[in-house]
Amino acid sequence: MRVLTLVLLLALSTATQAFCPKHQLSDPGRVKLKGDRLMIVTHGTSFHDSRLATKRGIDEAVLYAKNHKI
């Protein structure tokens, strides 16, 4: 029973990947950003920062940007 379940899950995950089209990247020359202020945020993860030392700073920066409509 476990083997059948595993085979079905594997088949379904492979089948669903076939339906997703390949992502197309925008030409960098065509990218236009609106406004005069911009903040790019990456997600801090415990994989790269096991002590989550950057989480507080990221959260505070995002809150500041939201409050100041950046």
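Hydrophobic clustering places Leu33 together with Ile40 (ILVMFWY residues linked when any side-chain heavy atoms are closer than 4.5 Å, directly or through intermediates).
Atom CG of residue Asp49 and atom CD1 of residue Ile58 lie 8.0 Å apart, to the nearest 0.5 angstrom.
For residues 24-35, no pair satisfies side chain to side chain donor-acceptor pair (under 3.5 Å), with sequence neighbours left out.
More than 12 heavy atoms of other shown residues, nucleotides or ligands fall within 6.0 angstrom of atom CZ in Arg37.
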Just distance, no hydrogens or angles: give the donor-acceptor pairs under 3.5 Å from side chains in residues 63-70, sequence neighbours left out.
unit_1 : atom_1 : unit_2 : atom_2 : d
Asn67  : ND2    : Leu63  : O      : 3.3
His68  : ND1    : Tyr64  : O      : 2.9

